[in-house]
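Some notes on the structure that comes next.
Both ligands and their constituent atoms are indexed starting at 1 by order of listing. Counting from 1, the numbers follow the sequence of the chain as shown. All heavy atoms count here, side chains included; hydrogens, waters and symmetry mates do not.
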Amino acid sequence: MTKSPLWHSQICEHHLHNNLFDIRVIDELSSTNGYLLDEVKHRRIVTPSCIVALNQTNGRGRQGRRWLSDSKNSLTFSVNYLFNRSLTESTSLPLVVALAIYDALNALHIDDIGIKWPNDILRQQKKLAGILVECANRTQHSSELVIGIGLNVGKNHLLQENVDQPLADCTNTEGVSPSREELLALLLNHLSLYFKAFDEEGFHQFKERWLTHCLHFKQQVALTLPDGSTTEGLHVDILEDGSILVRHDATLSVFHSGEIRLRSIA
Ligand code: BTN
């Protein structure tokens, strides 16, 4: 693990078990996903690696949005991993990453969390973590992916003022949150296990647990599709490729991408 005076590597190392990733901690980066994609492209990094930015200044979110974070209360990192599956066989990976985050946070007793399709982690229905998966390299039978994770660790009122959706954080009722080092270690432990398992056997082994922690399974959902149109229906299943199955009257429809609005969220 590379060192930074702002990062307690011994705390992180103490909590790491079966970690596959070579960890590089950098004080400031524009985007860990951008940096890692560039490092992979120029063959300057081993696979799998993990890049942590203690301060990320221009974080990228899904669908061209920005991801805001701050240098004290956020964890921003990216990992790269070479899957022995084509890009089309890896479309459910973001759901597996969401489950890995869920399980890591659950192990730290961070309560009231759930998954919103495809890969948002919410706490008390507010955004706690986001995942951005990008492709670094692909062949017919393999894909090297860069998986970026942004997590709100401590409370930051200023950040909330600049974000147009309610944010959650990892603090408990006493206002205490786990350290970024411990959080990273638990996340990497889970990602190491789940990536191997996903690579070998795909999504079906994770499906039941994903549905158990999904906030809208068997509930009415409103879905905004990539073309801006909206649709509503009952969430009835999740498929091997990570798409969602929705029933509207007697019609079943499969959606590969889109944004869910929970009926219970105003
Ligand atoms: C989302 O829109 O929900 C996904 C947000 C992903 C943010 C993370 S922070 C670390 C990594 N680097 C980036 O530039 N983005 C991802």
Sub-4.0 Å atoms of ligand 1 with respect to non-hydrogen atoms of K127: 1 (C), 3 (O)
D241: side-chain hydrogen bond (donor to acceptor under 3.5 Å, both in side chains) partners, not counting sequence neighbours: S243
Atoms of ligand 1 close to T32 [distance to a heavy atom under 4.0 angstrom, numbered from 1]: 10 (C), 11 (C), 12 (N)
Numbered atoms of ligand 1 (with element) below 4.0 Å of R60, judged on heavy atoms: 5 (C), 6 (C), 7 (C), 13 (C), 14 (O), 15 (N), 16 (C)
Atoms in ligand 1 flagged as close to G59, the criterion being non-hydrogen separation under 4.0 Å: 14 (O)
Geometric N/O contact N58 with ligand 1, under 3.5 angstrom: no
Where at least one partner belongs to residues 7-34, residue pairs that pass ring-ring contact (aromatic ring centres under 6.0 Å, His included), sequence neighbours excluded: none
Residue, atom name and distance, where the atom is the protein heavy atom closest to atom 1 (C) of ligand 1: R62 N, 3.5 Å
T76 N/O under 3.5 Å from ligand 1 N/O: no
Nearest-0.5 Å distance that lies between atom CG in L16 and atom CD in E182: 11.0 Å
Q140 atom CD, neighbour heavy-atom count above 12 within 6.0 Å: no
Nearest-neighbour protein heavy atom for atom 9 (S) of ligand 1, which is reported as residue plus atom name and distance: Q56 NE2, 3.4 Å
Name of the residue among L145, V146, I149 meeting side-chain contact (heavy atoms from CB on, under 4.5 Å) with V133: L145
Interfacing atoms of ligand 1 (cut-off 4.0 Å, heavy-atom, S31): 12 (N), 13 (C), 14 (O)
Donor-acceptor under 3.5 Å (K116 side chain, I260 main chain): yes
Cation-pi, F198 ring and R85 (6.0 angstrom, 45 degrees): yes
CA sep, side-chain torsions, deciding dist, call: N73, D169, side chain to side chain contact (heavy atoms under 4.5 Å, CB included): CA-CA 9 Å; N73 300 296; D169 54 69; over 6 Å; no
Heavy-atom nearest neighbour in the protein, as seen from atom 5 (C) of ligand 1, with distance rounded to 0.1 Å: W67 CE3, 3.4 Å
Numbered atoms and elements of ligand 1 in range of G130, under 4.0 angstrom, heavy atoms: 3 (O), 4 (C), 5 (C), 6 (C)
